[in-house]
Trainee: 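Following this message is one structure expressed as structure tokens.
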Amino acid sequence: MTDPHGFLEVPRRPVPARPVEERLGDWNEVYAGQARLPLVSEQAGRCMDCGIPFCHSGCPLGNLIPEWNAYAAKDDWWAAAERLHATNNFPEFTGRLCPAPCEDACVLAINADPVTIKNVEQAIADEIWARGYAPPRPPERLSGKTVAVIGSGPAGLAAAQQLTRIGHTVAVYERADRVGGLLRYGIPAFKMEKQHLNRRIEQMRSEGTKFRTGVDVGSDLDAIELTRRHDAVVVAVGARGQRELPVPGRELNGIHQAMDYLTFANRVREGDYVSSPVTAEGKHVVIIGGGDTGSDCLGTALRQGATSVVQLDINQEPGEVRRDTEPWPTYPKVYRISHAHEEGRGREGTDPRIFSSATLRLEGDRHGHVRGIRLAEVEPENRRPRPDTEHVISADLVLLALGFYGPERGTGLMKQLALTLDDRGNFARDADFAAETAERARSPERTVRTGTDGVFIAGDAGRGQSLVVWAIAEGRSAAAAADRYLSGSTELPAPVAPSDRPLVA
């Protein structure tokens with residue numbers, strides 16, 4: 001265990017990000033080059049080694065947080081790596097991208113500052129690669145079974161790696177020209193440099209996973225034909241259906257979906273463009289939507305040289321502390337500042353977000369280009385516009401970051417595999433797919449509700465828009481279900497079931 005008095009004697013000290021002025025001058029990660037050791041080892045020593053580690057309840061992967069904290073505190077990076085990889089295929093992704101609900105569930109968070117779990121995780125993940133602790137793990141023998149995974153985001157990659165390592169022959173089909181899904185084109189490099197993704201993909205190739213890029217299953221390749229070629233299929237296409245803004249003026253030029261904007265920016269970093277076809281340079285930018293995607297757009301626009309950037313959030317500005325309706329260990333809605341928000345504060349120090357704000361209409365010039373947005377404050381109870389609060393702000397570029405309604409509908413994939421939607425708008429599936437009983441192994445039709453035998457749904461396609469840790473957990477569970485279907489039993493872990501949800505009050 002760690003120092004039993006560590007949490008009493010050592011204050012919380014997160015790893016500092018690079019200075020704002022420095023990181024706005026490049027696209028490198030905000031923590032690039034920042035020393036994590038020995039700071040992280042000292043912070044890991046604050047872990048209380050609780051009898052009931054509630055940090056587990058905050059993480060769907062079931063990460064063994066107290067265990068790898070203890071090893072990190074003692075600089076035993078081999079043991080820490082083994083414990084971290086026991087539950088998480090890609091800790092270098094989660095350590096950079098997850099908002100760390102485990103920290104809000106830390107027992108210390110009841111009345112003190114929680115352990116810097118996310119920093120510890122990222123430090124272990126980086127030490128894993130620096131010390132050569134992540135060699136390829138090809139299977140000892142092949143099962144003779146083949147699996148197709150449709151989609152190469154975190155859920156698809158996790159499912160593919162688990163199934164490959166257990167001995168099945170796996171091919172991943174990705175409609176984009178590169179592997180990675182939103183990890184590749186949706187996440188800006190300043191949050192996660194693509195070298196981390198490329199390194200994992202090369203590891204998976206060395207283990208035997210095959211990748212087929214530029215293949216849109218359901219269009220370029222008939223999905224039924226894919227099921228004939230393979231013994232099982234995992235559908236992990238994500239929740240890519242982007243929500244729209246149904247207000248007057250939406251047809252004006254200069255209004256773009258956030259994910260299209262981020263994809264262009266990421267393609268510049270990949271070398272596909274000299275400059276982005278949609279750039280914020282020299283423009284007044286307004287981002288409609290207060291979530292993580294909006295924050296990613298904010299950081300991207302600032303690096304492109306925007307004249308000004310405003311992010312609109314229809315929700316009330318949260319308070320600094322938990323509300324009674326969101327008790328520990330739930331993930332509370334409190335006032336949080338992302339690195340992009342910190343960058344957007346500028347010299348004045350004002351938050352670039354406007355809370356409790358609704359878009360009434362988009363206003364343009366005589367050439368049909370957006371020039372402003374008419375807003376109104378909203379009532380916190382029902383989000384209806386308040387009378388006499390209308391005003392206009394300038395906008396040359398408007399980015400819609402309103403979230404996703406679920407998987408894209410009406411596609412060839414959906415029709416050919418007879419996929420249906422549940423009441424949340426996601427692909428319907430059996431709530432028992434993560435259960436590990438021989439009875440269900442003998443009844444594969446109960447494993448997934450797709451209308452096509454041997455087809456499994458994983459990730460946001462079945463859960464809806466969620467966190468990277470949920471996607472990886474779903475991929476691992478889908479791999480366990482597919483392995484059980486193919487082999488009659490499985491030793492693969494299944495950390496979540498489709499009915500599982502984040503802990504709420």
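Computed from a predicted model, the values in this text were never measured in an experiment.
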Trainee: Rounded to the nearest 0.5 Å, what separation is found between the CG atom of Asn69 and the CD atom of Glu121?
Mentor: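 Separation between the atoms: 10.0 Å.
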
Trainee: Would Arg267 and Tyr185 count as a cation-pi pair here, with the cationic atom under 6.0 angstrom from the ring centre and within 45° of the axis?
Mentor: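 Ring-cation test returns yes.
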
Trainee: With a 4.0 Å cut-off on N to O distance, would you call Arg200 and Glu92 a salt bridge?
Mentor: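 Yes, Arg200 and Glu92 are salt-bridged.
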
Trainee: Does the distance from a Lys or Arg side-chain N to an Asp or Glu carboxylate O, for Arg303 and Glu281, drop under 4.0 Å?
Mentor: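 No.
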
Trainee: Going by atom types alone, do Asn89 and Arg165 pair a side-chain donor with an acceptor below 3.5 Å?
Mentor: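 Distance-only check fails for Asn89 and Arg165.
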
Trainee: At their closest point, which heavy atom of Val15 faces which heavy atom of Asn119, and how far apart are they?
Mentor: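 Closest pair (atom of Val15, atom of Asn119, distance): N-OD1, 2.7 Å.
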
Trainee: Can a salt bridge be assigned to the pair Arg178 and Asp272 using a cut-off of 4.0 Å between side-chain N and carboxylate O?
Mentor: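 Answer for the salt bridge query: yes.
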
Trainee: With Arg18 as the cation and Tyr31 as the aromatic partner, state whether NZ or CZ is under 6.0 Å from the six-membered ring centre and within 45° of the axis.
Mentor: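 Ring-cation test returns no.
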
Trainee: In this structure, is the centre-to-centre distance between the rings of Tyr133 and Trp78 below 6.0 Å?
Mentor: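 Under 6.0 Å, so yes.
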
Trainee: Check this for me, if you would: do Glu67 and Arg83 make a salt bridge, where the nitrogen-to-carboxylate-oxygen distance has to be below 4.0 angstrom?
Mentor: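 Arg83 and Glu67: salt-bridged.
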
Trainee: What I want to check is whether the side chains of Asp460 and Ser466 have a donor and an acceptor closer together than 3.5 Å.
Mentor: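 Side chains of Asp460 and Ser466: no pair found under 3.5 Å.
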
Trainee: Checking side-chain hydrogen bond (donor to acceptor under 3.5 Å, both in side chains) against Glu29, which of Lys191, His196, His339 comes through?
Mentor: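 By the side-chain hydrogen bond (donor to acceptor under 3.5 Å, both in side chains) criterion, Glu29 pairs with just one of Lys191, His196, His339: His196.
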
Trainee: Do you know which two heavy atoms are closest between Gln242 and Tyr405, and how far apart they sit?
Mentor: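 Looking at all heavy atoms of both residues, the closest pair is O-CE2, 3.6 Å.
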
Trainee: Any side-chain donor-acceptor pair under 3.5 Å between Thr146 and His230?
Mentor: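 The criterion, which ignores hydrogens and geometry beyond distance, is not satisfied for His230 and Thr146.
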
Trainee: Considering only heavy atoms from C-beta outward, does the side chain of Leu503 approach that of Pro329 to under 4.5 Å?
Mentor: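 A side-chain contact under 4.5 Å exists here.
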
Trainee: Taking Glu474 first and then Arg463, would you say they form a salt bridge - that is, a charged N and a carboxylate O separated by under 4.0 Å?
Mentor: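 Counted as a salt bridge, because a side-chain N and a carboxylate O are separated by less than 4.0 Å.
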
Trainee: Can you see whether His56 engages Asn63 through a side-chain donor-acceptor pair at a distance of less than 3.5 angstrom?
Mentor: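 Result is no, nothing qualifies.
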
Trainee: Verify whether one side chain among Tyr485 and Asp231 offers a donor that lies under 3.5 Å from an acceptor in the other.
Mentor: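 The criterion, which ignores hydrogens and geometry beyond distance, is not satisfied for Asp231 and Tyr485.
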
